[in-house]
Amino acid sequence: MRTLTVLILLVLNCSLFAQGLQLDSIFRSSERYAVNPWVSVPAIAVGAYASQQRLLSLQDKPPIPRETLQELRAEDVNGFDRIALRMDVDKHKQAIIQSDYLFNTGQWLPFGLFIWKKYRRDWFDITLMYLEAQTTQGLFYGFAPFGPTLVDRIRPKSYYPEFPYEERTDGNEWNSMFSGHVSTMSTGFYFFARMIDDYNPDLTGGQRALLYTGATVPSLLGGWLRVKGLKHYPTDVLVGLGVGAISGIGVPSLHKWWKARHRSSLSLSPVYGGGAGGLALVLKY
């Protein structure tokens with residue numbers, strides 16, 4: 001690969017450079033992934049805004065009509081999902097609280113990678129990819145044809161007469177398919193596993209199997225707690241798990257694939273020497 005370097009010298013009496021702060025080491029480009037912040041940052045911002053606005057609209061669906069509520073029958077739910085209609089109502093709040101622990105753990109776990117130097121040195125690209133992954137799963141939830149935008153599936157809670165009528169008919173009760181909590185937490189767990197996999201190429205097949213099993217188990221446990229919390233059916237959880245796997249594993253895989261097939265790169269780095277600051281434009285091809 002050839003390298004063309006162009007130095008653009010600027011006479012800058014800047015304390016930032018004078019103190020020897022190397023911005024290129026802070027925002028260095030990963031050797032494993034092709035991440036362009038000029039593309040990623042706007043995409044994340046637009047995607048996050050779109051998914052958030054859609055989420056607000058989904059939570060504001062019209063109430064479930066009284067006639068629809070009266071016609072709900074457990075026999076009309078498939079046998080696999082019917083277990084969600086046989087839960088202990090008195091324990092549903094506890095299950096929701098427990099699921100939130102796993103939800104928060106999955107969301108924040110990838111940032112724990114930065115405890116180790118080999119991940120911390122690529123913190124900028126890893127962070128952007130993770131935000132892309134979470135934005136992707138949010139867009140799936142808000143706009144996929146199998147999500148709540150096009151699928152009105154009444155949550156299990158509405159089948160339980162123990163709850164007040166107002167809670168059972170709330171518009172948000174239409175949004176059982178699929179579990180956004182599970183897709184969010186599993187995105188974090190799978191992204192964490194993918195980073196460990198990519199940064200440790202010496203892992204054996206068995207170790208990789210254990211790694212991704214370790215990402216799946218807490219996601220399924222969190223999903224089961226959402227079922228016990230009367231928020232979702234098992235199939236809602238499984239679809240959410242699939243969305244999380246696609247987002248958490250697929251996003252870094254795409255960046256890695258792009259890096260392997262497009263070796264050319266253009267970078268702009270600060271330089272300092274002899275009392276003058278400047279920029280180095282480097283083209284590798």
Side-chain angles (χ1 to χ4, degrees), residues 46-104 106-107 134-187 219 222-244 247:
V46 173
Y49 177 79
S51 60
Q52 180 64 21
Q53 292 300 115
R54 180 52 62 92
L55 177 61
L56 293 175
S57 67
L58 290 172
Q59 293 175 340
D60 197 33
K61 284 184 177 181
I64 299 173
R66 180 182 294 271
E67 298 77 15
T68 301
L69 190 68
Q70 292 174 341
E71 293 173 357
L72 294 179
R73 298 288 184 274
E75 295 75 18
D76 295 332
V77 177
N78 68 78
F80 180 68
D81 283 335
R82 206 173 297 160
I83 190 173
L85 306 181
R86 297 194 293 267
M87 294 293 157
D88 188 340
V89 174
D90 294 332
K91 296 181 179 179
H92 87 285
K93 288 185 178 180
Q94 181 182 3
I96 292 174
I97 293 173
Q98 292 172 340
S99 74
D100 285 342
Y101 290 142
L102 286 169
F103 175 77
N104 292 326
Q107 271 195 308
Q134 286 292 4
T135 300
T136 299
Q137 70 83 21
L139 291 173
F140 267 115
Y141 185 82
F143 297 94
F146 50 84
T149 294
L150 296 179
V151 179
D152 286 334
R153 190 181 197 190
I154 298 176
R155 296 183 189 271
K157 183 179 180 179
S158 294
Y159 285 79
Y160 288 81
E162 293 89 339
F163 293 101
Y165 173 79
E166 292 74 16
E167 293 184 19
R168 298 172 66 199
T169 58
D170 184 82
N172 192 36
E173 295 303 301
W174 287 110
N175 300 325
S176 188
M177 173 59 75
F178 54 90
S179 176
H181 271 66
V182 173
S183 67
T184 300
M185 74 175 79
S186 61
T187 294
S219 301
W224 173 244
L225 289 171
R226 298 299 288 176
V227 173
K228 292 184 66 176
L230 311 181
K231 292 291 187 178
H232 294 286
Y233 304 93
T235 51
D236 304 334
V237 169
L238 293 178
V239 173
L241 183 73
V243 169
S247 303

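The analysis underlying the following values was restricted to heavy atoms, covering all of them including side chains, and did not include hydrogens, waters or symmetry mates.
Under the side-chain hydrogen bond (donor to acceptor under 3.5 Å, both in side chains) test applied with N175, the options K231, R155, Q59, K61 reduce to a single match, K61.
Crowding of F146 atom CZ: a count of heavy atoms from other residues, nucleotides or ligands under 6.0 Å exceeding 12.
Taking the six-membered ring for Trp and thresholds of 30 and 60 degrees, H181 and F103 have ring planes inclined between 30 and 60 degrees apart. Between Y233 and Y159, the ring-plane angle classifies as perpendicular under the 30° and 60° cut-offs.
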For a salt bridge (charged side-chain N to carboxylate O under 4.0 Å, His left out) check, start with the C-alpha distance between R226 and D236, then their side-chain angles and the critical distance, and finish with the verdict.
CA-CA 10 Å; R226 298 299 288 176; D236 304 334; over 6 Å; no

Between D170 and F163, is a side-chain contact (heavy atoms from CB on, under 4.5 Å) present by the stated rule, with each step listed?
CA-CA 12 Å; D170 184 82; F163 293 101; over 6 Å; no

Just do the side-chain hydrogen bond (donor to acceptor under 3.5 Å, both in side chains) check on T184 and Q107 with the steps written out, would you?
CA-CA 7 Å; T184 300; Q107 271 195 308; 5.5 Å; no

Step-by-step salt bridge (charged side-chain N to carboxylate O under 4.0 Å, His left out) determination, D81 to R153
CA-CA 12 Å; D81 283 335; R153 190 181 197 190; 2.6 Å; yes

Step-by-step salt bridge (charged side-chain N to carboxylate O under 4.0 Å, His left out) determination, K157 to E167:
CA-CA 8 Å; K157 183 179 180 179; E167 293 184 19; 3.0 Å; yes

Apply side-chain hydrogen bond (donor to acceptor under 3.5 Å, both in side chains) to the pair Q70 and E67, showing each step before the final yes or no.
CA-CA 5 Å; Q70 292 174 341; E67 298 77 15; over 6 Å; no

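Listed for the T149 side chain is a donor-acceptor partner under 3.5 Å among the backbone atoms of G142. With hydrogens and angles ignored, the 3.5 Å screen pairs a side-chain donor or acceptor of R82 with a backbone N or O of A74. Between the side chain of R54 and the backbone N or O of L139 there is no donor-acceptor pair closer than 3.5 Å. With hydrogens and angles disregarded, no donor-acceptor distance shorter than 3.5 Å links the side chain of H232 to the backbone of V227. Judged by distance alone, the side chain of W224 and the main-chain N or O of V237 form no donor-acceptor pair under 3.5 Å.
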